[in-house]
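Since the model is a prediction, treat every value here as computed from it, not as a measurement.
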Amino acid sequence: MQRINSNNNFYMAFYDDRFKTNRVAVAFIDRLEKGKNTLNALFPMVLIRGNNKYKNMKEINRFLDSMYGASLSIDVDKKGDLQIITFGLSFLNDRFVGEKLFEKCLQFLHDIIYGPIKYGGGFEEDEIEQEKNNLKQEIESRINDKVQYAIDRCIEIMFEGQSYALYEKGSVEDLAHITKEKLYSQYKEVVEKKPMYVMIYGDYNEEYAISRALEIFGQKEREDIRNDFAINIPFNGTKYITEELEVNQGKISIGIRTNVDTTTSDYYRLLMLNGILGASPKSKLFENVREKASLCYYAFSRIDRFKSVMVISSGIEVENYEKALNLILQQIEDIKSGSITDIEYESAINYYKTALMAIYDSPKDLLGFYFNQALVGELVEPKDIFEKIKSVKISDVIEIANRFELDTVYFLRNRGANNNGENI
């Protein structure tokens with residue numbers, strides 16, 4: 001691996017000759033802010049409609065076909081208080097096609113991102129309106145995934161008024177106020193001034209790969225934007241919230257302040273706790289709440305490293321709300337008191353071994369992994385993370401669990417069921 005950081009331009013190249021495909025990704029970082037989040041979600045969708053070099057999607061697809069079926073993708077995500085806009089290109093390894101594709105693909109990606117600036121033309125009104133409608137449908141369809149919807153609502157309530165509560169794709173209300181002038185201005189602000197990560201993974205000499213990327217994307221001075229990993233909201237006791245929708249089963253989402261600095265080695269202790277509680281196949285939530293008590297259809301826990309938060313999610317029969325909630329919370333209390341079996345501990349170890357080693361099977365997953373590492377301020381291999389997790393002791397897990405604060409309990413139930421909690 002080779003890295004260069006200059007004026008908040010981050011270049012990373014990783015040599016690996018195991019795959020048939022190589023990958024290049026260019027990511028821009030902005031602060032997650034209301035209004036801007038919708039603009040930042042929309043402009044990548046308009047960019048891949050074409051510019052004055054590639055005038056439409058037909059010409060873009062023609063180029064991709066000429067690169068033996070290269071694949072262009074865009075992604076908008078949030079990492080804590082940051083919004084990440086990523087353009088990715090996957091293409092065949094040169095040795096399978098007998099020609100050098102890397103420089104052509106790198107230049108193509110630059111032309112997609114910077115084409116409206118370099119070749120002029122701005123954004124077309126018709127294309128903006130079409131992509132507004134597509135984004136509107138995507139935002140409105142969030143409610144169709146009730147599991148994720150309940151998790152999102154828990155986070156929104158837990159962080160009300162904070163950046164982390166915002167949806168990375170924005171809001172339908174904001175879409176109505178977007179003009180082509182506003183969109184183009186925000187696009188230029190991001191691609192010209194915000195931190196940029198250019199990441200290359202594949203069968204290339206790392207020094208060569210970075211030198212070519214530097215020639216094409218440059219090192220102009222950019223802003224310094226960083227995530228705040230801490231919650232920074234006073235804890236004022238647990239909030240219990242109930243909402244109603246047309247659902248077939250109730251959804252419980254529990255937001256927990258871990259009070260862990262996830263930029264330190266405590267993060268690996270927190271991961272081990274998460275494996276024991278609700279991530280592994282023999283976790284406490286799965287075995288005790290789902291299998292033995294039959295109080296839920298599913299139950300799992302997950303960690304967001306970028307905001308030091310744990311979320312527990314479970315699907316239940318509405319009438320089992322109190323029983324299920326009490327038993328879920330009892331699993332945390334059992335960890336606090338040291339009630340952890342050898343099976344639970346070993347299952348967590350095996351879960352992370354499988355999950356971390358699977359990252360090595362995909363160039364896309366590897367680049368995503370290294371990008372997350374860079375945002376945290378470290379570059380640790382998946383196998384090294386596994387070694388850190390393996391070294392975590394049960395006493396470490398107990399100590400971490402006793403830092404937990406139960407912030408928000410969100411219950412999504414079907415209309416007409418008996419109330420549990422506060423309606424909003």
Taking the side chain as every heavy atom from C-beta outward, state whether [X] and [Y] have any atom pair closer than 4.5 Å.
{"X": "N205", "Y": "Y15", "answer": "no"}
{"X": "I216", "Y": "E103", "answer": "no"}
{"X": "I225", "Y": "L82", "answer": "yes"}
{"X": "P363", "Y": "S90", "answer": "no"}
{"X": "K239", "Y": "D407", "answer": "yes"}
{"X": "E192", "Y": "F28", "answer": "no"}
{"X": "F108", "Y": "Y54", "answer": "yes"}
{"X": "L183", "Y": "I128", "answer": "yes"}

Is the distance from the ring center of Y11 to that of Y197 below 6.0 Å? no

Just wondering, are more than 12 heavy atoms of other shown residues or ligands nearer than 6.0 Å to [atom1] in [X]?
{"X": "E207", "atom1": "CD", "value": "no"}
{"X": "K53", "atom1": "NZ", "value": "yes"}
{"X": "K146", "atom1": "NZ", "value": "yes"}
{"X": "E124", "atom1": "CD", "value": "no"}
{"X": "K36", "atom1": "NZ", "value": "yes"}
{"X": "K136", "atom1": "NZ", "value": "no"}
{"X": "N248", "atom1": "CG", "value": "no"}
{"X": "R142", "atom1": "CZ", "value": "yes"}

For [Y], is there an ion pair with [X] - N to carboxylate O distance below 4.0 angstrom?
{"X": "D224", "Y": "R226", "value": "yes"}
{"X": "E99", "Y": "K104", "value": "yes"}
{"X": "K79", "Y": "D77", "value": "yes"}
{"X": "R403", "Y": "D266", "value": "yes"}
{"X": "E223", "Y": "K193", "value": "no"}
{"X": "E59", "Y": "K55", "value": "no"}

Which value, rounded to the nearest 0.5 Å, describes the distance between Y164 atom OH and S308 atom OG?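 Here the interatomic distance stands at 9.5 Å.
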
Distance check, rounded to the nearest 0.5 Å: L89 atom CG versus S73 atom OG? 8.0 Å

If I compare all heavy atoms of [X] with all of [Y], which pair ends up nearest, and what's the gap?
{"X": "G275", "Y": "A348", "value": "C-CB, 3.7 Å"}
{"X": "G202", "Y": "N22", "value": "CA-OD1, 3.0 Å"}
{"X": "L325", "Y": "I252", "value": "N-CD1, 4.3 Å"}
{"X": "L32", "Y": "K78", "value": "CD2-CD, 3.7 Å"}
{"X": "A401", "Y": "I335", "value": "CB-CG2, 3.7 Å"}
{"X": "N414", "Y": "E244", "value": "O-CG, 4.4 Å"}

Assess the side chains of [X] and [Y]: does a donor N or O sit below 3.5 Å from an acceptor N or O?
{"X": "R49", "Y": "Q130", "answer": "yes"}
{"X": "Y204", "Y": "D94", "answer": "yes"}
{"X": "D174", "Y": "S171", "answer": "yes"}
{"X": "N40", "Y": "Q83", "answer": "yes"}
{"X": "N51", "Y": "Y114", "answer": "no"}

Would V311 and I256 count as a side-chain contact (heavy atoms from CB on, under 4.5 Å) if you check the C-alpha gap in whole Å, the side-chain angles of each, and the deciding distance to 0.1 Å? CA-CA 6 Å; V311 175; I256 295 172; over 6 Å; no

Could you list the donor-acceptor pairs under 3.5 angstrom formed by side chains in residues 385-396, with sequence neighbours left out?
residue : atom : partner : partner atom : Å
S391    : OG   : K388    : O            : 2.7
D396    : OD2  : K393    : N            : 2.9

Taking the cut-offs as 6.0 angstrom to the six-membered ring centre and 45 degrees off its axis, would you call R305 and Y267 a cation-pi pair?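 Checked: cation-pi criterion met.
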
Evaluate side-chain contact (heavy atoms from CB on, under 4.5 Å) for I303 paired with V309, printing each intermediate quantity in order. CA-CA 6 Å; I303 301 293; V309 170; over 6 Å; no

Derivation of the ring-ring contact (aromatic ring centres under 6.0 Å, His included) call for Y187 and F123: CA-CA 10 Å; Y187 149 70; F123 293 154; 5.2 Å; yes

Chi angles and distances behind the salt bridge (Lys or Arg N to Asp or Glu O under 4.0 Å) call for E131, K169: CA-CA 12 Å; E131 294 307 328; K169 298 296 181 67; over 6 Å; no

Derivation of the ring-ring contact (aromatic ring centres under 6.0 Å, His included) call for F14 and Y370: CA-CA 10 Å; F14 304 88; Y370 291 126; 4.2 Å; yes

Trace of the side-chain hydrogen bond (donor to acceptor under 3.5 Å, both in side chains) decision for E33 with N37: CA-CA 6 Å; E33 296 178 4; N37 59 334; over 6 Å; no

How far apart are the C-alpha atoms of R31 and D81, what are their side-chain angles, what is the distance that settles it, and do they pass the salt bridge (Lys or Arg N to Asp or Glu O under 4.0 Å) test? CA-CA 6 Å; R31 297 174 183 88; D81 297 328; over 6 Å; no

Whether the side chain of D384 engages the backbone of V380 through a donor-acceptor N/O pair (distance < 3.5 Å, no angle test) should be reported. no

Show, in sequence, the C-alpha distance, side-chain angles and deciding distance for R222 and N9, and conclude whether the side-chain hydrogen bond (donor to acceptor under 3.5 Å, both in side chains) test is met. CA-CA 7 Å; R222 296 175 177 273; N9 301 274; 2.7 Å; yes

List the steps and the verdict of side-chain hydrogen bond (donor to acceptor under 3.5 Å, both in side chains) for D65 and N61. CA-CA 6 Å; D65 289 342; N61 288 329; over 6 Å; no

I'd like to know whether D152 forms a side-chain hydrogen bond (donor to acceptor under 3.5 Å, both in side chains) with Y167, so could you lay out the CA-CA distance, the side-chain angles of the two residues, the decisive distance to 0.1 Å, and finally the verdict. CA-CA 8 Å; D152 290 345; Y167 179 46; over 6 Å; no

Between F411 and Y321, does the ring-ring contact (aromatic ring centres under 6.0 Å, His included) criterion hold? Intermediate values first, please. CA-CA 8 Å; F411 182 38; Y321 169 73; 4.2 Å; yes

Would you call the rings of F300 and Y298 parallel, tilted or perpendicular, where under 30° means parallel and over 60° means perpendicular? parallel

